[in-house]
Protein chains: 2
Amino acid sequence: MKIDSRLSSVLHALLHMAERGSPLTSDELACCMRTNPVVVRRTMGFLRKAGIVSSSKGHAGGWSITADLTQVTLRQLHEVLGEPAVFAIGNRHERPECLVEQSVNAALDGAFQEAEALLLDRFSQITLAQLAEDFACRFDQTRPKKD
Amino acid sequence: MKIDSRLSSVLHALLHMAERGSPLTSDELACCMRTNPVVVRRTMGFLRKAGIVSSSKGHAGGWSITADLTQVTLRQLHEVLGEPAVFAIGNRHERPECLVEQSVNAALDGAFQEAEALLLDRFSQITLAQLAEDFACRFDQTRPKKD
DNA sequence: ATTTCACGTAATAAATAAAGTTACATGAAA
DNA sequence: TTTCATGTAACTTTATTTATTACGTGAAAT
């Protein structure tokens with residue numbers, strides 16, 4: 001199953017942008033995410049439309065964060081990316097005529113909806129600022145002698 | 001994203017088999033599941049290896065349930081099918097060197113693990129017998145005049 | 001016996017969707 | 001006016017699931 005890693009990708013990009021003050025180009029982001037600059041532009045375009053980042057052309061251009069890191073949650077980013085399907089498993093037919101299949105779907109849907117609600121709730125409780133702080137801790141731990 | 005609907009499929013098949021006393025052929029199952037008999041045999045083969053169903057060749061052959069419907073849970077079936085990946089979204093790289101990406105992964109993994117645990121817990125609480133009963137209710141509701 | 005039926009399985013093809021790539025237009029700064 | 005960087009369309013690649021074809025095995029009916 002090929003999974004959608006765009007949320008992971010944009011988070012990675014956003015944190016790098018938060019670390020660096022000046023704009024990062026699509027090529028730079030593509031390099032640290034091991035992907036292609038066009039893919040970066042395509043994906044970051046969703047965030048631009050949502051006002052989370054801005055892009056500028058020409059010399060010293062690139063991508064910058066415009067939103068407040070404490071206000072952007074993972075859930076918002078998930079929505080901005082078009083709320084892609086969360087699950088890789090699911091019903092064979094969405095609206096079956098067969099009563100047997102309707103029972104099966106009802107049972108599975110109930111479980112999936114609960115799990116998705118939990119996931120989105122967790123996503124809504126994590127902000128970019130928290131991730132940036134977590135990164136700062138990890139970074140400090142790699143330089144234990146700095147006292 | 002192409003989702004794995006095998007769990008849905010085998011549940012559908014198992015309930016049809018529970019309704020009917022005699023064995024159902026792969027062609028019959030394929031017909032009601034709108035798929036191919038070879039796909040049915042391939043998927044049901046996992047359940048046969050797990051001792052949930054048996055198959056017989058020749059005239060009047062086909063698939064039968066051997067397990068107790070009250071003992072088979074959706075979680076067991078999920079395991080029998082090889083515990084396929086639950087989520088369609090995930091990390092870009094599983095073990096990144098980049099500290100930024102490690103922070104991102106840690107946050108996402110935590111949420112995913114909680115949601116998966118909830119889903120599997122729900123799955124473990126639903127038995128084939130419960131689904132069969134749910135179907136019986138739906139069936140009765142389509143024949144309200146029967147008294 | 002032998003014909004029919006149905007599963008078992010390998011090998012291959014088709015379908016699907018994300019990701020990657022190419023190409024070129026737009027616009028800003030040096 | 002040259003260089004740099006984004007914006008986007010179109011196309012290709014890649015990975016994976018599902019579907020299909022083909023043939024083998026074995027059980028039951030005639």
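By convention in this document, chain letters (A, B, ...) are assigned in the order of the sequence lines, proteins followed by strands, and residues within each chain are numbered from 1.
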Give the rounded distance in Å between these two atoms: [atom1] of [X] and [atom2] of [N].
{"X": "Leu81(B)", "N": "dT18(D)", "atom1": "CG", "atom2": "P", "value": "10 Å"}
{"X": "Met44(B)", "N": "dT9(C)", "atom1": "CE", "atom2": "C1'", "value": "17 Å"}
{"X": "Ile3(A)", "N": "dT17(D)", "atom1": "CD1", "atom2": "P", "value": "12 Å"}
{"X": "Phe87(A)", "N": "dT17(D)", "atom1": "CZ", "atom2": "C1'", "value": "20 Å"}
{"X": "Leu47(B)", "N": "dG8(C)", "atom1": "CG", "atom2": "P", "value": "12 Å"}
{"X": "Arg34(A)", "N": "dA18(C)", "atom1": "CZ", "atom2": "C1'", "value": "19 Å"}
{"X": "Leu29(B)", "N": "dT18(D)", "atom1": "CG", "atom2": "C1'", "value": "17 Å"}

Using a cut-off of 4.0 Å between protein heavy atoms and nucleotide atoms, how would you tag nucleotides 5-12 of chain D 5' to 3' with B, S and -?
SBBBBB--
Quiz question: by atom type and distance under 3.5 Å, do the side chains of Thr25(A) and Asp27(A) form a donor-acceptor pair?
no
Would you please say whether a donor-acceptor pair under 3.5 Å links the side chains of Glu83(A) and His78(A)?
no
Test: Arg122(A) cationic atom under 6.0 Å from Phe112(B) six-membered ring centre, within 45° of axis
no
Neighbour count above 12 (heavy atom, 6.0 Å) for Gln125(A) CD
yes
Contact list for residues 3-38 of chain A, test ring pair (Phe, Tyr, Trp, His ring centres under 6.0 Å), sequence neighbours left out:
His12(A)-His16(A)
Please tell me if Asn36(A) has a side-chain N or O lying less than 4.0 Å from either OP1 or OP2 of dT21(C).
yes
Tightest non-hydrogen contact, residues Leu69(B) and Ile65(B), listed as CD2-CD1, 3.8 Å
